[in-house]
There are 2 protein chains.
Amino acid sequence: MKPSVVTIEPNGHFCDDCAVRGAAVCSSLDAAELREFEHLGRRVHFGSGETVFSEEEITTSFYNVLEGVMRLYKLLPDGRRQIVGFALPGDFLGMNLSGRHNFSADAIGAVTVCQFAKASFSRFIEDRPQLLRRINELAIRELSQARDHMVLLGRRSADEKVATFLLGWRERLVTLKGLSDTVSLPMSRQDIADYLGLTIETVSRTFTKLERQGVIEIIHGGISLLDPARVEAMAAA
Amino acid sequence: MKPSVVTIEPNGHFCDDCAVRGAAVCSSLDAAELREFEHLGRRVHFGSGETVFSEEEITTSFYNVLEGVMRLYKLLPDGRRQIVGFALPGDFLGMNLSGRHNFSADAIGAVTVCQFAKASFSRFIEDRPQLLRRINELAIRELSQARDHMVLLGRRSADEKVATFLLGWRERLVTLKGLSDTVSLPMSRQDIADYLGLTIETVSRTFTKLERQGVIEIIHGGISLLDPARVEAMAAA
DNA sequence: ACAGCCGATTGACTCAGATCAAATTTGAGT
DNA sequence: ACTCAAATTTGATCTGAGTCAATCGGCTGT
């Protein structure tokens, strides 16, 4: 979906009340740096389904997710889609070598990002190795996750994929909402399918099967883990 | 396979004649830094099939591949294997956050690496943002490749996987051997299968099919692209 | 409340790729 | 050259997940 109404807040001192101040790239900055830093970014809002950036575009900005969930994906020429990840508050997007984004990103529900112009952000990093080190850490963590996901895509069965996804997603929500057996799933079944390398029908059938086995309960906007241990057993193979 | 005979050359001034001096992480260092740097590393040889490091191990070293090919892989508890990449001369291995390697690496044929103790390497980086920037670049490039590979694993057919692999491998060999329609494949069929998320039988059948179609020729230790354009068409989907 | 729409579920059937099972080729060691 | 083991190829069959095709259910707007 194309962006329709994008709201940009006026610049100002807003890092103070930023939810991800301690989590994101910002965590590597001291108070003085943070004051300087906040003038570089501006908060931008996106509505549900709006595209924040797309694959083929020249990179002009970096993004720090503040609120909401985004799907990150690549498309094949014939329309097949692979979701390479979901971005949550605290995630940092826009790093690349080619000068182009190598995936597209759109909002799942309402999203707020902190957007930085590429040039001024790069200049800011220049003499702050601490920030560069932080960004490097984030890249290495993502690389590790990407490798785990390759194993899932290449070598796991549909049941294992779904079980692993539910546990992994629950884990990602821990820092945002605390650990809970009730897992909200803001993304569609199609999104889950495209993340796991399955079809929507297989995802749906697997959910139903798990529910009939009494392992999960499908609730509005998510699932509830009735028997986490059994889900873990399914995921482990 | 366990390491049997690992030959370690005595330390010394060897960066001068290092094949990857201009390519690897070293390319970010000036002559003076390189002189200091070479005292940190030592060349280590591994025989065919030997394990350089494994997944669960605590990381004690970083590695710069000098000669040969390595397979990088993860295993599931039941033995299923996913190869997450192949390492070639110039590749840098060992970055991680957890303090543990998150994949295993073994030699395909004879391999020489430049091995750095983690502690001294980290200290050397400390006040050399240039080197950190270089390492960050390498991480970002790998991340981009990892995402491409996710698309392949999750959304491409066996034919597309094999065709994409042949072209991608040929491309990786360009910087080492120049562009050629003759592509050497040092890894086994099983390795290729585990890289593409297929079985050895499917890889073998696909090779044979491509050969019967006159698109490739299976030669000793590799293949020859008889009709590169047609392989590209198969890969693009 | 109702109509219409979109996402999700369910069922019937198909098929790409896996599995099982031999050959066949290759290669290292004698 | 000869033997044995391992890697690869080939064939026959099976099956997990995909495809095609209806429903079903939950919102939205009237």
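In what follows, chains carry the letters A, B, and so on, assigned in the order in which the sequence lines appear, proteins first and then strands, with residues in each chain numbered from 1.
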Roughly how many Å is it from [atom1] in [X] to [atom2] in [N], rounded to a whole number?
X         : N       : atom1 : atom2 : value
Leu210(A) : dA8(C)  : CG    : C1'   : 16 Å
Leu185(B) : dT9(D)  : CG    : P     : 11 Å
Met187(A) : dC6(C)  : CE    : C1'   : 19 Å
Ile200(B) : dA6(D)  : CD1   : C1'   : 10 Å
Leu153(A) : dA17(D) : CG    : P     : 13 Å
Leu198(A) : dG16(D) : CG    : C1'   : 11 Å
Phe207(B) : dA7(D)  : CZ    : C1'   : 14 Å
Asp159(B) : dA16(C) : CG    : P     : 10 Å

- Message: Check this one for me: any side-chain N or O of Thr199(A) less than 4.0 Å away from OP1 or OP2 of dG18(D)?
- Response: yes

- Query: 5'-most contact on DNA chain C: Arg155(A) or Thr202(A), nearest heavy atom basis?
  - Reply: Thr202(A)

- Message: By the 4.0 Å heavy-atom rule, please label Gly221(A) as base, sugar-phosphate, or nothing.
- Response: nothing

- Message: At 4.0 Å (heavy atoms only), tell me whether Ser204(B) reaches a base, stays on the sugar-phosphate, or touches nothing.
- Response: base

Of the options [options], whose atoms approach the side-chain atoms of [X] most closely?
X         : options                  : answer
Ile218(B) : dG27(C), dA17(D), dT9(D) : dT9(D)
His220(B) : dA18(C), dA8(C), dG27(C) : dG27(C)
Ser157(B) : dG17(C), dA8(C), dT9(D)  : dG17(C)

- N/O donor-acceptor pair, side chain Arg205(B) with base dG11(D), under 3.5 angstrom: yes

- Task: Give a yes or no on whether a donor-acceptor pair under 3.5 Å exists between the nucleobase atoms of dC20(C), that is its base, and the side chain of Glu201(B).
- Result: yes

- Item | Plane angle bin for Phe53(A) and Phe103(A) - parallel if under 30°, tilted between 30 and 60°, otherwise perpendicular | tilted

- Item | Option passing side-chain hydrogen bond (donor to acceptor under 3.5 Å, both in side chains) with Tyr73(B) (candidates Asp191(B), Asp106(B), Asp194(B)) | Asp106(B)

- Query: Are Phe116(B) and Tyr63(B) an aromatic pair by the rule of ring centers under 6.0 Å?
  - Reply: no

- Does the distance from a Lys or Arg side-chain N to an Asp or Glu carboxylate O, for Arg147(A) and Glu142(B), drop under 4.0 Å? yes

- Message: Let me confirm one number: the CZ-CZ distance from Arg81(B) to Arg155(A), rounded to the nearest 0.5 Å.
- Response: 8.5 Å

